[in-house]
Amino acid sequence: IGALSPFLLIIRFGLLPWVSWCFPKSWKLNLYQRASTIVVNPKYLRPLPTDKELQAARWEEFFCACFFAIEVCFIYFKIISVEIAIVFVLLMSFGAFINIWRARLAHRYDNLGGEALSPLAQLRDSITVEKRFLSFLWAPAGLQYHSLHHLAPQIPYHNLQIAHEYLRKKCDERHPYSHTVVADVTEGFEIFYKTVMNNE
């Protein structure tokens, strides 16, 4: 469904805001909770917002809907060509597809019961992929070092590779961080298939 996210975002923030203003607050809350977050788990339900948060969300929706309307006008009046718009959406779809699989391969998903995890358990559940050319294409800008991000979220993404290499030199194979490291993307796919696909 990741490849469809640009189209879903157009529907959610380009079209639905115009419709939702005609419905009662309960419908707006349902839209906020169920259709306002890009998540791996489609059953995820956002917490109920405060009135102030909901008002801010409504203003964001309004400006998103206006922006989409302006884009449609630009295409209609040929300020932006249809071809450029199509290429842009296709590139967004491809990027979203890659990103959803990057997010899925970032964890082991051992906690299928849904219990709250301790910081150490969160580390053990996450994955870091060793630097390979395919890994860099799959997760650029340091996104492949996901378990390190859990261990030290204050480290900027562009410095994660340096921190990872330092830890690999200092930590032996028995260290919890070493257990989170996999050799390549293929091994990450194998873990995802074994822990998630086999438990559906």
Side-chain angles (χ1 to χ4, degrees), residues 1-10 12 33-47 87-200:
I1 195 165
L4 297 176
S5 61
F7 302 99
L8 297 176
L9 288 171
I10 288 172
R12 170 61 184 92
Q33 285 191 284
R34 299 178 181 276
S36 299
T37 310
I38 297 178
V39 293
V40 175
N41 180 5
K43 296 180 181 179
Y44 173 75
L45 197 65
R46 292 184 78 178
V87 169
F88 177 77
V89 171
L90 290 176
L91 287 173
M92 290 287 290
S93 295
F94 178 73
F97 176 78
I98 296 296
N99 186 60
I100 199 71
W101 279 102
R102 179 203 61 76
R104 284 177 174 172
L105 270 60
H107 289 273
R108 296 180 184 273
Y109 299 99
D110 289 332
N111 182 38
L112 295 178
E115 300 85 3
L117 296 178
S118 67
L120 180 59
Q122 291 179 34
L123 171 66
R124 287 175 170 164
D125 181 64
S126 54
I127 289 175
T128 276
V129 180
E130 291 276 28
K131 186 179 180 182
R132 300 285 190 277
F133 180 68
L134 182 59
S135 302
F136 175 76
L137 292 177
W138 161 75
L143 291 170
Q144 68 195 74
Y145 305 106
H146 193 71
S147 60
L148 179 53
H149 173 66
H150 273 282
L151 181 65
Q154 69 275 18
I155 298 177
Y157 274 105
H158 61 271
N159 284 336
L160 286 177
Q161 180 183 339
I162 297 171
H164 168 75
E165 292 171 354
Y166 176 83
L167 283 176
R168 290 294 277 167
K169 292 176 182 177
K170 296 293 182 179
C171 301
D172 60 28
E173 292 303 317
R174 295 172 297 175
H175 193 278
Y177 180 71
S178 299
H179 293 166
T180 70
V181 179
V182 299
D184 51 34
V185 175
T186 303
E187 187 176 348
F189 272 107
E190 291 174 356
I191 292 172
F192 177 79
Y193 182 80
K194 289 177 182 177
T195 58
V196 177
M197 304 300 288
N198 288 343
N199 282 283
E200 286 188 340

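Below, each value reflects all heavy atoms present in this structure, side chains not excepted, and no hydrogens, waters or symmetry copies. When a residue number appears, it is its place in the shown sequence, counting from 1.
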Discussion item. Nearest 0.5 Å, please: how far is CG in L117 from CG in L123?
Written reply: 11.0 Å
Item to complete: Please name all residues satisfying ring pair (Phe, Tyr, Trp, His ring centres under 6.0 Å) with F94, sequence neighbours left out, ordered by chain then number.
Response: none
Fill in: H150: partners by side-chain hydrogen bond (donor to acceptor under 3.5 Å, both in side chains), with sequence neighbours left out
H146
Item to complete: Evaluate the side-chain proximity of L105 to V185: yes if any heavy-atom separation is below 4.5 Å, no if none is.
Response: yes
Worksheet item: For D172, which of K170, H175, R174 qualifies under side chain to side chain donor-acceptor pair (under 3.5 Å)?
Response: R174
Discussion item. Looking at R46, I want to see if its CZ is surrounded by more than 12 non-hydrogen atoms of other residues, nucleotides or ligands under 6.0 Å.
Written reply: yes
Practice prompt. Kindly compute the distance separating CD1 (I100) from OG (S5), expressed to the nearest 0.5 Å.
Written response: 7.5 Å
Worksheet entry | Heavy-atom side-chain contact between V182 and R108 under 4.5 Å | yes
Fill in: L45 CG to Q33 CD distance, which is reported to the nearest 0.5 Å
4.5 Å
Discussion item. Which residues pass the ring pair (Phe, Tyr, Trp, His ring centres under 6.0 Å) test with F7, not counting sequence neighbours?
Written reply: none
Worksheet item: Counting heavy atoms not belonging to F97, are there more than 12 under 6.0 Å from its CZ?
Response: no
Worksheet item: Between V129 and Y145, which heavy-atom pair has the shortest distance, and what is it?
Response: O-CE2, 4.1 Å
Worksheet item: With sequence neighbours left out, what residues match E130 under side-chain hydrogen bond (donor to acceptor under 3.5 Å, both in side chains)?
Response: H164, R168
Fill in: Euclidean distance, W101 CH2 relative to F192 CZ, rounded to 0.5 Å
4.5 Å
Worksheet item: About how many Å separate CG of L90 and CZ of F88, when rounded to the nearest 0.5 Å?
Response: 11.0 Å
Worksheet entry | side-chain hydrogen bond (donor to acceptor under 3.5 Å, both in side chains) against T180, all qualifying residues, sequence neighbours excluded | S147
Worksheet item: Would you call E187 and D184 a side-chain contact if the rule is heavy atoms closer than 4.5 Å?
Response: yes
Discussion item. To the closest 0.5 Å, what do you measure between CG (L148) and CD (E165)?
Written reply: 11.0 Å
Fill in: Residues that R124 engages under side-chain contact (heavy atoms from CB on, under 4.5 Å), provided they are two or more places apart
L120, P176
Worksheet item: Taking only residues two or more places apart in sequence, or in another chain, which ones meet S36 in a side-chain hydrogen bond (donor to acceptor under 3.5 Å, both in side chains)?
Response: R12
Item to complete: Please name all residues satisfying side-chain contact (heavy atoms from CB on, under 4.5 Å) with N159, sequence neighbours left out, ordered by chain then number.
Response: I155, P156, I162
Worksheet item: Residues two or more places apart in sequence or in another chain: which of them pass side-chain contact (heavy atoms from CB on, under 4.5 Å) with Y157?
Response: L143, H149, L160
Discussion item. Under the rule for side-chain contact (heavy atoms from CB on, under 4.5 Å), what residues qualify as partners of H179, not counting sequence neighbours?
Written reply: none
